[in-house]
Amino acid sequence: MVLVVLFHSLVSVDGAHLSDAGLSALRWLMAPLVLIRMPLFAAMSGYVAGLGSAGADPSPRRFIAAKARRLLVPFASMLTLTLLVRAARNGLRPDKYPMDWDPGVLLGHFVYGFEHLWYLQALFLMVVGFSALDRLGCVRTVGGWMATTCVAAALALLLPDWRIFNLHEALALSASFLLGVGLARFPAMIFTRTTMVACMLATAVGFATFLLTKSGHLEVPAGRNSLVGVLTAMAAIPVIFRRRLILPVLPTLASYSYSIYLFHTLGLYWGYWLSIKLLQGHDRLLFVLFNAMFAIVFSAAAHHVVTSHPMLAFLFLGERTKVKVRAPRPRPAAIRTILVGQVS
């Protein structure tokens with residue numbers, strides 16, 4: 001999640017008139033990570049799904065309704081809020097920014113996604129698809145899981161881009177999602193020394209190919225949804241899961257991860273403005289780091305505000321929280337009655 005925020009902060013720096021010293025190294029460091037950033041996110045979602053069983057719920061309708069509440073309700077709420085914030089930031093000027101007010105364009109955002117919120121649509125499709133595969137028993141054995149994952153990877157490369165409801169992104173990330181399921185269910189088969197060495201070598205080759213292509217020394221498709229990108233992500237994800245570092249701050253960030261994902265772009269909106277005011281003339285690297293940190297803190301604060309109100313928690317996080325009802329304070333007469341009864 002930190003990488004997602006840092007990447008979006010790095011993108012936002014392009015419009016700032018700041019010095020470029022020190023930023024090139026960060027750009028080259030972050031560039032190959034585009035191959036694994038969203039696939040890793042999908043794999044973590046698949047890992048969580050694989051720990052349980054999506055087919056355990058006897059009611060498919062109830063399962064899908066729960067996932068829609070958790071993913072699509074926040075998608076609609078955050079999209080509405082984001083569009084309102086963008087229109088306000090542009091000065092509520094329909095004459096100057098007609099796209100902010102065009103009904104067709106606004107409706108299209110709900111169908112085709114907007115900014116980072118597209119992942120919620122794609123994840124919903126992946127979870128529903130995994131639920132069906134799990135009920136059919138396709139991913140409950142090693143052989144079935146491997147065959148299903150290979151078919152998903154092939155479909156991602158061969159099928160055209162169906163952009164409605166981000167179906168193309170769901171297909172592109174489905175192999176990574178299923179890989180996460182396998183990491184949860186069949187770790188002994190995946191986390192072998194031979195497999196890890198092969199994955200590390202393939203990851204190094206994939207990153208090198210991407211950098212050579214980016215620098216113009218090699219002409220091959222090396223984007224995230226290309227053959228190079230898919231194979232690199234599938235090789236890097238097991239290595240990251242196996243060699244991950246457990247830092248003290250990670251559990252705290254994990255508790256805010258969903259809120260950080262949802263609210264960090266709003267934090268970047270105001271962080272960008274604040275950074276321009278405070279860091280004008282400074283190095284862009286400082287701008288990027290400050291902006292990312294501001295977005296994370298803003299998201300954590302938004303999390304506390306949202307979770308303190310049941311309706312906001314439902315709209316923006318898809319959570320059902322019970323309202324705490326305080327017991328009525330007993331009146332003095334009732335207290336005397338209770339005490340008399342206890343004494344007698």
When rounded to the nearest 0.5 angstrom, what distance separates [atom1] in [X] from [atom2] in [Y]?
X: Leu211; Y: Leu218; atom1: CG; atom2: CG; value: 11.0 Å
X: Met44; Y: Ile237; atom1: CE; atom2: CD1; value: 9.0 Å
X: Leu125; Y: Asn166; atom1: CG; atom2: CG; value: 8.5 Å
X: Thr82; Y: His116; atom1: OG1; atom2: NE2; value: 6.0 Å
X: Thr148; Y: Arg140; atom1: OG1; atom2: CZ; value: 12.0 Å
X: Arg70; Y: Leu123; atom1: CZ; atom2: CG; value: 10.5 Å

- Results of ring pair (Phe, Tyr, Trp, His ring centres under 6.0 Å) for Phe294 - residues two or more places apart only: none
- Task: Check the pair Tyr112, Gln121 against side-chain contact (heavy atoms from CB on, under 4.5 Å), reporting the backbone distance first and the verdict last.
- Result: CA-CA 9 Å; Tyr112 299 102; Gln121 295 174 307; 6.0 Å; no
For [X], all residues meeting side-chain hydrogen bond (donor to acceptor under 3.5 Å, both in side chains), sequence neighbours excluded:
X: Trp118; answer: none
X: Arg86; answer: Asp100
X: Tyr258; answer: none
X: Ser45; answer: Tyr119

- Message: Does the plane of the ring in Phe241 sit parallel, tilted or perpendicular to the ring in Tyr47? Use 30° and 60° as the thresholds.
- Response: tilted
All N/O donor-acceptor pairs, side-chain side in residues 168-180, below 3.5 Å, sequence neighbours left out:
from, atom 1, to, atom 2, distance (Å)
His168, ND1, Trp162, O, 3.4
His168, NE2, Arg163, NH1, 3.1
Glu169, OE1, Arg224, NH1, 3.4
Glu169, OE1, Arg224, NH2, 3.1
Glu169, OE2, Arg224, NH2, 3.4
Ser174, OG, Leu171, O, 2.8

- Task: State, yes or no, whether a side-chain contact exists between Trp145 and Met189 at a heavy-atom distance under 4.5 Å.
- Result: yes
If hydrophobic clusters are built from ILVMFWY residues whose side chains come within less than 4.5 Å, do [X] and [Y] share one?
X: Met293; Y: Val5; result: no
X: Val228; Y: Leu231; result: no
X: Val239; Y: Val34; result: no
X: Val128; Y: Leu155; result: yes
X: Val151; Y: Leu136; result: no

- Query: Could you give all pairs that pass the salt bridge (Lys or Arg N to Asp or Glu O under 4.0 Å) test and reach residues 300-309, with sequence neighbours left out?
  - Reply: none
- If you look only at pairs with a residue in residues 225-238, which of them pass as a side chain to side chain donor-acceptor pair (under 3.5 Å), with sequence neighbours excluded? none
- Message: Less than 4.0 angstrom from a charged side-chain N to a carboxylate O is my criterion; do Glu319 and Arg69 meet it?
- Response: no
For residues 195-206, please give each side-chain donor-acceptor pair under 3.5 Å, one per line with the distance, not counting sequence neighbours.
from, atom 1, to, atom 2, distance (Å)
Thr195, OG1, Thr192, OG1, 2.7
Thr203, OG1, Cys199, O, 2.7
Thr203, OG1, Ala236, N, 3.3

- Task: Only counting residues at least two apart or in another chain, list the ones meeting salt bridge (Lys or Arg N to Asp or Glu O under 4.0 Å) with Arg242.
- Result: none
For residues 35-42, dump all side-chain donor-acceptor pairs below 3.5 Å to protein atoms at least two apart in sequence or in another chain.
none

When the side chains of residues 298-305 are checked against the rest of the protein, which donor-acceptor pairs come out under 3.5 Å, sequence neighbours left out?
from, atom 1, to, atom 2, distance (Å)
Ser299, OG, His264, N, 3.3
Ser299, OG, Ala295, O, 2.8
His303, ND1, Ser259, OG, 2.6
His304, NE2, Tyr256, OH, 2.7

- Query: Has the side chain of Arg185 got a donor or acceptor atom that lies under 3.5 Å from a matching backbone atom of Leu51?
  - Reply: no
- Message: Counting the benzene-type ring for Trp, do Phe75 and Phe124 have ring centres under 6.0 Å apart?
- Response: no
